[in-house]
Amino acid sequence: MAERLVIFDTTLRDGEQSPGASMTRDEKLRIARQLERLKVDVIEAGFAASSNGDFECVKAISEMVRDSTVCSLARANDRDISRAAEALKPASSGRLHLFLATSALHMEKKLRMTPEQVFEQARLSVRFARNLMSDIEFSPEDGYRSDPDFLCRVIEAVIAEGATTINVPDTVGYAVPELYGNFIRNLRERIPNSDKAVWSVHCHNDLGMAVANSLAGVKIGGARQVECTINGLGERAGNCSLEEVVMAVKTRRDYFDLDVGIDTRHILAASRLVSQITGFVVQPNKAVVGANAFAHASGIHQDGVLKARDTYEIMRAEDVGWSANKIVMGKLSGRNAFKQRLQELGVVMESETDINNAFVRFKDLADRKSEIFDEDILALVSDESLSHDHEQYGFVSLSQHSETGERPQANIVFTVDGKEVKSQSDGNGPVDASLKAIELHVKSGAEMVLYSVNAISGSTESQGEVTVRLQNSGRVVNGVGADPDIVVASAKAYLSALNKLQSKADRVAAQG
Ligand code: KIV
Ligand code: ZN
């Protein structure tokens with residue numbers, strides 16, 4: 001029987017560290033649910049000690065997830081470790097992930113500690129953690145740029161103290177596949193107790209080699225855990241992408257000879273969810289989940305695929321969740337059909353009231369748009385601008401006028417703490433006028449750092465999905481709104497971003 005490759009997803013921790021990708025508690029819970037559906041082995045839910053918000057998220061995810069191990073990152077100190085263990089208490093299976101930098105550069109310049117101090121702290125922190133939990137991962141941060149002799153000493157000591165997984169991060173994305181693979185192999189060969197732990201790879205994508213490096217760590221180095229994120233989300237150029245690494249191991253099983261437990265049919269839904277929530281659009285030519293990943297535009301390819309699929313296809317689109325872009329529903333579809341489609345799409349609605357509300361929105365959309373695609377339904381249920389009771393701002397209605405040669409005008413009605421307010425403004429274009437009208441009343445002072453519109457299902461009849469990224473007092477948030485009218489979608493996205501700016505979060509700068 002083939003050995004198992006553990007898939008450790010860090011979308012909610014390392015992925016969230018990407019500027020502009022911060023997520024609310026509800027968003028994290030939705031992603032965690034999808035990761036569990038995907039059958040990810042380990043979900044790194046956050047960095048519990050970094051803020052009260054992160055603590056609550058790790059705790060809520062630990063309460064909800066039953067089938068995956070839930071993990072929290074912690075610096076190698078007693079306070080962080082206790083806080084993480086506390087947040088993980090409700091988990092059916094929990095893991096503490098301790099990290100401490102071991103490269104000369106990080107120890108001297110960042111930690112201002114001697115190697116001996118780092119050695120002692122690493123050892124004692126694992127000893128402390130081991131008293132609280134049995135599943136302990138240790139990461140020597142910037143491991144790949146660390147002195148191998150020192151790294152061997154540290155790793156041997158933490159395994160002796162009870163660390164069960166050793167993760168060797170290429171924190172700055174400096175590695176190349178062969179060297180990284182050999183690096184891991186040498187460590188495993190030199191460290192006498194290396195067989196007492198599972199070895200793990202964690203690669204950043206600064207040189208575009210995160211997936212290749214991770215696979216080399218597995219193939220050459222013998223690692224049996226890969227740390228990755230949906231869509232490769234992560235700091236700077238991102239992390240190793242889950243969908244790519246999983247499909248590489250599955251498609252080339254002849255070469256890797258490893259099993260992965262992932263239910264790949266949920267990959268696309270996970271990719272879309274993460275993209276919608278973070279506003280990080282997936283490039284069309286992205287492997288596995290990009291819009292063109294299975295599209296054959298050239299006549300020669302189309303002809304070949306029609307004659308025999310495997311002439312140009314090495315994976316089946318449906319195995320990663322693609323279905324033909326078919327019209328799934330229309331104006332006459334009933335509530336039961338809608339509910340069933342939600343289930344098929346993997347959307348879990350907490351209550352019948354939520355389903356009823358979503359159905360009303362579906363009917364409203366079907367009145368305005370004759371063909372409703374899966375993408376429309378997903379956008380509809382994730383539309384964050386729908387006034388939630390606990391949110392400060394909610395969209396009500398909008399009218400705008402624009403004509404060639406005239407300055408556009410917008411009149412908007414929205415709610416502030418449940419009370420309707422009206423505001424109007426002119427602007428460079430109808431979107432600008434509408435957002436200025438909101439800002440005139442709200443006076444958030446936030447700076448817009450990103451505005452993007454994406455046609456959900458490709459045609460002009462499509463819904464527009466708008467992402468607005470706002471920055472205020474050092475916080476960066478994304479708001480997403482969808483509507484067939486892109487001006488309305490923009491107003492919804494702006495209000496959604498303002499709602500997120502309201503939720504205060506003071507977090508310790510996440511590292512790694
Ligand atoms: O990149 C990194 O070094 C990390 C560690 C905290 C594991 O994310
Ligand atoms: Zn990282």
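Numbering of ligands and ligand atoms starts at 1, following listing order.
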Handout entry: E141 neighbourhood, listing ligand 1 atoms whose heavy-atom distance to it stays under 4.0 Å
Key =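 Selected atoms, number and element: 3 (O).
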Problem - Lys/Arg cation over aromatic F55: R83, 6.0 Å, 45° cone - result: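 Output yes; distance and angle both within limits.
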Practice task
Might you confirm whether atom CZ of R265 has over 12 heavy atoms from other residues, nucleotides or ligands at distances under 6.0 Å?
Solution key: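 No.
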Practice task
Look only at interatomic distance and state if T171 has a nitrogen or oxygen under 3.5 Å from any nitrogen or oxygen of ligand 1.
Solution key: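 Yes; the residue has a nitrogen or oxygen that sits under 3.5 Å from a nitrogen or oxygen of the ligand.
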Problem - Atom indices of ligand 1, in the order listed, that fall short of 4.0 Å to a heavy atom of S139 - result: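 By the 4.0 Å cutoff, the relevant atoms are 7 (C).
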Practice task
Report the part of E227 (side chain from C-beta onward, or backbone N, CA, C, O) that has a heavy atom under 4.0 Å from ligand 1; answer both or neither where that applies.
Solution key: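 E227 to ligand 1: no contact under 4.0 Å from either part.
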Problem - Cation-pi, Y451 ring and R469 (6.0 angstrom, 45 degrees) - result: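 No, R469 does not sit over the ring of Y451.
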Exercise for the section: Assess whether atom CD of E189 is packed by more than 12 heavy atoms of other residues, nucleotides or ligands within 6.0 Å. Expected result: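 For E189, atom CD is crowded (more than 12 foreign heavy atoms under 6.0 Å).
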Problem - N/O/S atom of D14 inside 2.8 Å of the Zn ion (ligand 2), strictly under - result: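 Yes - counting backbone and side chain alike, D14 has an N, O or S atom under 2.8 Å.
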Problem - side-chain hydrogen bond (donor to acceptor under 3.5 Å, both in side chains) between D142 and T171, intermediate numbers included - result: CA-CA 5 Å; D142 205 18; T171 304; 4.5 Å; no
Practice task
Report yes if some N/O of H202 lies less than 3.5 Å from some N/O of ligand 1; otherwise report no.
Solution key: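 Yes, since at least one N or O of H202 sits under 3.5 Å from an N or O of ligand 1.
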Problem - Atoms in ligand 1 with a heavy atom of P169 nearer than 4.0 Å - result: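 Here the atoms of ligand 1 in question are 2 (C), 3 (O).
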Exercise for the section: Could you list which atoms of ligand 1 come closer than 4.0 Å to a heavy atom of H97? Expected result: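 That gives atoms 7 (C) of ligand 1.
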Exercise for the section: Determine whether more than 12 heavy atoms belonging to other residues, nucleotides or ligands lie under 6.0 Å from atom NZ of K250. Expected result: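 Yes, the 6.0 Å shell around NZ holds more than 12 heavy atoms from other groups.
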Problem - Cationic N near anionic O, under 4.0 Å, E16 to K28 - result: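 Counted as a salt bridge, because a side-chain N and a carboxylate O are separated by less than 4.0 Å.
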Handout entry: NZ/NE/NH1/NH2 to OD/OE distance under 4.0 Å, E27 and R30
Key =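 R30 and E27: not salt-bridged.
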Practice task
Tell me, please: is R13 in heavy-atom contact with ligand 1, that is, under 4.0 Å?
Solution key: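 So R13 counts as touching ligand 1.
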Handout entry: Any N or O of H204 closer than 3.5 Å to N or O of ligand 1
Key =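 H204 vs ligand 1: N/O contact under 3.5 Å present.
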Handout entry: Interfacing atoms of ligand 1 (cut-off 4.0 Å, heavy-atom, D14)
Key =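 Under 4.0 Å from D14, ligand 1 has these atoms: 8 (O).
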